[in-house]
Amino acid sequence: MSFPWANQYQPKSPFMQWVDSRLPVPRLVYNAVGAGYPVPRNINYLYNFGVLAGVALMIQIITGIVLAMHYSAHITTAFDSVEHIMRNVNSGWLIRYIHMNGASFFFIVVYIHIFRGLYFGSYKAPREMVWMLGVLILLLMMATAFMGYVLPWGQMSFWGAQVITSLFSAIPLVGDAIRTWLVGGFAPDNATITRFFSLHYVLPFVILGVVILKIWALHIPGSTNPTGVDVQGPQDTLPFHPYFTAKDGFSLTIYLILFSAFVFFMPNSLGHPDNYIPANALSTPAQIVPEWYLLPFYAILRAFTLDFLWIPAKLWGVIAMFASIILLFFLPWLDTSRVKSATYRPLYKKFFWVLFFNMFLLGYVGAMPAEEPYVRIGQIATAYYFAHFLIIMPLLSFIEKPLPLPNSIAESVFAKSGKKPVTVAAAPAAAQPAPAE
Amino acid sequence: MATTPDAMTDDADGVRRRDFIYVATGAFAAVGAAAVAWPFINQMNPSADVRALATVEIDLSSILPGQAIKTIWQSKPVFVRNLTAAEQAEADKVAAGDLRDPQTLADRTKEGNRNWLVTLGVCTHLGCVPLGASEGENKGDYGGYFCPCHGSHYDTAGRIRRGPAPKNLEVPTYAFKSPTLIEIG
Amino acid sequence: MVRFIGFGAGLVFVLALIIGALMPREATVEDPIKKIHLYPRHAQLSHDGPLGLGVFGTFDRAQLQRGYQVYKEVCSACHGLQRIAFRNLGDLGFTDAEVKALARAAEVPSINPQTGEPATRPALPSDHLPPPFPNETVARLANNNALPPDLSLIVKARPDGQNYIYSLLTGYDKPVPAGHDVPVGLHFNPYFHSVNIAMAKPLNDGQISYADGTEATVDQMAKDVTTFLRWASEPELEIRRQTGVATMIFLFILSILSFLTYRKVWANLK
């Protein structure tokens with residue numbers, strides 16, 4: 001797959017030859033994230049967040065497996081077992097703080113990755129499947145993160161589970177039955193924590209599977225690039241290894257520095273103090289808020305105050321919250337502009353930044369109590385969210401006059417520096433043409 | 001396919017400097033990976049609360065001669081037995097050299113406290129708990145302990161005399177803190 | 001097709017929200033407590049290091065021991081510290097023998113081996129600090145129906161916990177604002193979330209005598225016990241900071257090296 005000038009895997013040692021001819025995993029890796037994957041040479045640092053998300057997922061899986069060795073999924077012991085990890089298990093505090101903050105950083109990385117995709121039109125043909133698998137990963141992440149937050153069985157765990165599972169009771173007729181089925185009782189209880197633990201353990205591996213599918217789907221058309229112009233020839237690409245592995249390695253160290261700052265010096269700053277109080281079904285915290293990465297969607301949930309078109313406000317909120325993510329699946333067909341990159345779409349670029357800040361506004365409103373002026377701000381911000389994707393983006397495709405695109409990636413790179421293209425990847429490929437598959 | 005940077009410059013000096021950076025980065029990253037690996041390995045070692053139970057104190061004052069108690073140390077059964085004079089004599093009668101695991105009673109008890117036999121209640125054959133510490137249990141043919149799993153007989157000094165077990169019952173590290181108090185571990 | 005459905009759905013959502021936003025709101029009565037309630041003031045504790053950044057800084061062992069004394073002589077009458085075992089007190093700078101003696105002085109529930117009746121025995125270092133009340137009902141009966149929370153995690157379980165504890169303990173002498181009625185049996189403290197707290201003023205000047213001769217002012221005792229409770233909530237604090245600093249230095253060097261590697265790899269392209 002990929003481009004005809006891609007490097008072909010040629011095992012150097014007889015041992016690797018022996019392995020490769022029997023189980024071509026080295027070849028698979030070489031073509032997926034090695035020198036066999038040609039990548040547009042002009043991709044910027046925003047394109048590193050895909051790899052970072054993969055690293056964040058692996059950090060969560062490894063620390064999670066370790067935590068599960070010490071955690072006890074039972075309402076009477078869950079909180080104590082978490083404190084046991086924090087106080088008694090060797091380096092337990094480190095591993096738990098990595099896992100706790102790792103979830104937040106996973107979301108930071110994924111949100112930047114999504115906004116990069118929105119800005120550079122990465123969801124457009126022929127990469128719709130890559131985008132849709134990404135949205136699926138986001139949904140799975142949210143479910144996994146929510147269930148993970150319930151496991152310590154602190155006050156926020158319990159009341160978060162109470163509120164989120166109550167959403168399903170808004171569904172007409174079957175809502176209450178679904179909710180009872182979800183929690184395995186009439187309120188979150190032992191049956192809830194055991195099933196959440198089971199799912200929280202298995203879902204990351206499902207995510208990993210979808211990630212592999214996503215990489216597979218990505219390698220058919222290859223990565224996008226900031227110009228949005230398609231790759232035309234060897235002069236437009238560089239092999240993933242060593243060029244982008246080196247770049248990713250550098251960005252990974254920066255990521256780890258920021259991550260370590262939180263893990264070691266402010267490990268609880270992204271969490272809520274109430275979750276260090278054991279769950280108490282008789283006392284509700286002053287304000288129930290989800291983890292920060294779910295706040296924008298929590299704001300959307302709470303934005304509806306009006307029984308509109310015979311549908312009660314609560315159900316509107318639930319529908320809107322799910323719709324706000326589901327609509328992302330349809331994004332490739334909502335935006336019909338042929339130009340991918342916002343760099344060449346002057347109008348879209350403005351609306352993109354409005355959406356970007358709108359998400360922060362939604363997050364802020366989500367953290368605030370349900371009182372004025374936050375409710376009205378939340379309503380306007382939610383209205384913009386839906387208008388952006390469902391009304392503005394389809395219309396823009398008709399109205400907007402895009403700027404002229406560069407002729408090729410190589411031209412856009414070398415027009416700036418004024419130098420002649422050094423086509424390193426092309427030279428060997430031209431000298432010894434790749435054998436036909 | 002040779003598109004690695006090594007193939008791209010022929011400046012010998014440049015190659016050496018470049019190699020240094022690559023090696024230094026790789027070595028540094030490897031050291032970091034090893035440092036990160038340690039907590040993830042060490043977390044499976046006993047935790048602080050388990051380590052705090054590595055020693056236990058046992059009060060001997062209520063154990064009369066001829067009696068024994070079972071207790072737990074490091075999640076393993078421990079037998080503490082107050083030997084009668086007859087039992088001590090019985091144990092001393094045997095020449096240590098004739099035994100499968102040659103040890104005298106003196107080797108297995110503390111000077112001045114020859115009557116206190118402290119052993120693990122773990123059969124050295126396959127780890128069953130031998131009988132004989134409680135009143136009325138089968139003490140085996142040598143009046144000590146008897147392992148019902150595969151028929152190992154231990155004598156009054158906890159030494160293996162007959163049956164498949166290869167070794168005497170293990171004597172844990174312990175010390176007398178007072179004439180009636182020992183600390184195991 | 002997707003676009004038409006989406007457009008329609010989008011209009012409905014936007015309409016519902018805009019109408020919702022335009023609807024008049026019922027006038028809200030502002031909670032008078034909000035005006036009286038104060039946010040915690042900064043405690044300036046030495047273990048937070050230069051500028052209070054919490055990057056360097058270790059606990060002052062003498063202060064931890066003083067804090068433990070305040071806890072033991074004052075707080076422990078009503079508040080448990082159940083996640084702390086006596087063996088943990090070694091972290092405060094006590095020797096093994098001192099820890100054993102501290103443990104032996106406390107009684108923990110046990111069973112009489114002769115009768116099988118519930119009994120108590122002297123604690124071992126592996127035992128946890130015994131709670132002041134056997135259960136919640138007893139605790140509430142003894143405290144005018146209020147439940148004194150366990151303090152093991154109190155610093156992590158309150159927003160800005162360290163400053164909050166310090167402010168709460170030193171915030172009892174503030175005058176009650178005009179128009180605010182303190183319910184019978186409660187005490188005015190503007191740092192408490194409802195400003196009426198069930199706990200009576202716990203610390204008074206000279207209430208305890210410190211072994212090291214430090215003057216036992218309310219401020220000093222509050223700082224000491226807050227430091228002690230910070231340790232109880234985060235016993236890993238010192239090792240966490242030390243590991244953190246080492247990790248940061250390491251990563252900083254690695255980032256420079258990996259940046260140089262990146263530049264070298266790309267050097268022949270530019």
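Order of the sequence lines sets the chain letters (A, B, ...), proteins ahead of strands, with each chain counted from 1. FYI, side chains are in, hydrogens and waters are out, and symmetry mates aren't considered; it's all heavy atoms of this structure. Since the structure is predicted, the reported quantities are computational estimates derived from the model, not experimental observations.
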- request: Assess whether side-chain contact (heavy atoms from CB on, under 4.5 Å) is satisfied between A:Trp316 and C:Phe13, documenting all intermediate values.
  value: CA-CA 9 Å; A:Trp316 271 114; C:Phe13 277 129; 3.8 Å; yes
query: What residue in C:Ala85, C:Pro149, C:Gly10 has the most heavy-atom pairs under 4.5 Å with chain A?
result: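 Heavy-atom pair counts peak at C:Gly10.
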Closest-packed option against chain A by number of heavy-atom pairs under 4.5 Å, given C:His193, C:Arg25, C:Met1, C:Arg3: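 Looking at each option in turn, the highest pair count goes to C:Arg25.
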Best-contacting candidate, [options], against chain C by heavy atom pairs under 4.5 angstrom:
{"options": "A:Leu395, A:Ile391, A:Thr305", "value": "A:Ile391"}
{"options": "A:Trp93, A:Phe304, A:Tyr97", "value": "A:Trp93"}
{"options": "A:Ile277, A:Ile319, A:Leu94", "value": "A:Ile277"}
{"options": "A:Gln379, A:His388, A:Met86, A:Met393", "value": "A:Gln379"}
{"options": "A:Pro278, A:Gly154, A:Ser260, A:Pro394", "value": "A:Ser260"}

Between the side chain of [X] and the main-chain N/O of [Y], is any donor-acceptor distance below 3.5 Å?
{"X": "C:Arg240", "Y": "A:Phe264", "result": "yes"}
{"X": "A:Arg376", "Y": "C:Ala21", "result": "yes"}
{"X": "C:Arg83", "Y": "A:Glu83", "result": "no"}

Between [X] and chain A, which part of the residue has a heavy atom less than 4.5 Å away: side chain, backbone, both or neither?
{"X": "C:Ser152", "answer": "both"}
{"X": "C:Glu234", "answer": "side chain"}
{"X": "C:Leu11", "answer": "both"}
{"X": "C:Ala232", "answer": "backbone"}
{"X": "C:Pro235", "answer": "side chain"}
{"X": "C:Ile18", "answer": "side chain"}
{"X": "C:Met23", "answer": "both"}
{"X": "C:Val245", "answer": "both"}
{"X": "C:Thr243", "answer": "both"}

Go through the atoms of [X] and report whether side chain, backbone, both or neither lie under 4.5 Å from a heavy atom of chain C.
{"X": "A:Ala313", "result": "neither"}
{"X": "A:Thr336", "result": "side chain"}
{"X": "A:Asp80", "result": "both"}
{"X": "A:Ile377", "result": "neither"}
{"X": "A:Glu371", "result": "side chain"}
{"X": "A:Asn88", "result": "side chain"}

query: Would A:Lys247 and C:Ser258 count as a side-chain contact (heavy atoms from CB on, under 4.5 Å) if you check the C-alpha gap in whole Å, the side-chain angles of each, and the deciding distance to 0.1 Å?
result: CA-CA 8 Å; A:Lys247 197 176 177 185; C:Ser258 61; over 6 Å; no
When rounded to the nearest 0.5 angstrom, what distance separates [atom1] in [X] from [atom2] in [Y]?
{"X": "A:Phe265", "Y": "C:Leu237", "atom1": "CZ", "atom2": "CG", "value": "10.5 Å"}
{"X": "C:Phe4", "Y": "A:Leu390", "atom1": "CZ", "atom2": "CG", "value": "14.0 Å"}
{"X": "C:Phe7", "Y": "A:Ile392", "atom1": "CZ", "atom2": "CD1", "value": "10.0 Å"}
{"X": "A:Leu327", "Y": "C:Ile5", "atom1": "CG", "atom2": "CD1", "value": "13.5 Å"}

- request: Return the minimal non-hydrogen interatomic distance between C:Ala16 and A:Leu306, and the atom names on each side.
  value: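 Heavy atoms only, the tightest pair is O-CD2, 4.1 Å.
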- request: Assess whether salt bridge (charged side-chain N to carboxylate O under 4.0 Å, His left out) is satisfied between A:Asp274 and C:Arg158, documenting all intermediate values.
  value: CA-CA 7 Å; A:Asp274 277 8; C:Arg158 296 287 180 278; 5.6 Å; no
task: Start with the C-alpha gap between C:Trp266 and A:Phe250, add the side-chain angles, then the distance that decides, and say whether ring-ring contact (aromatic ring centres under 6.0 Å, His included) holds.
output: CA-CA 13 Å; C:Trp266 284 67; A:Phe250 169 58; over 10 Å; no
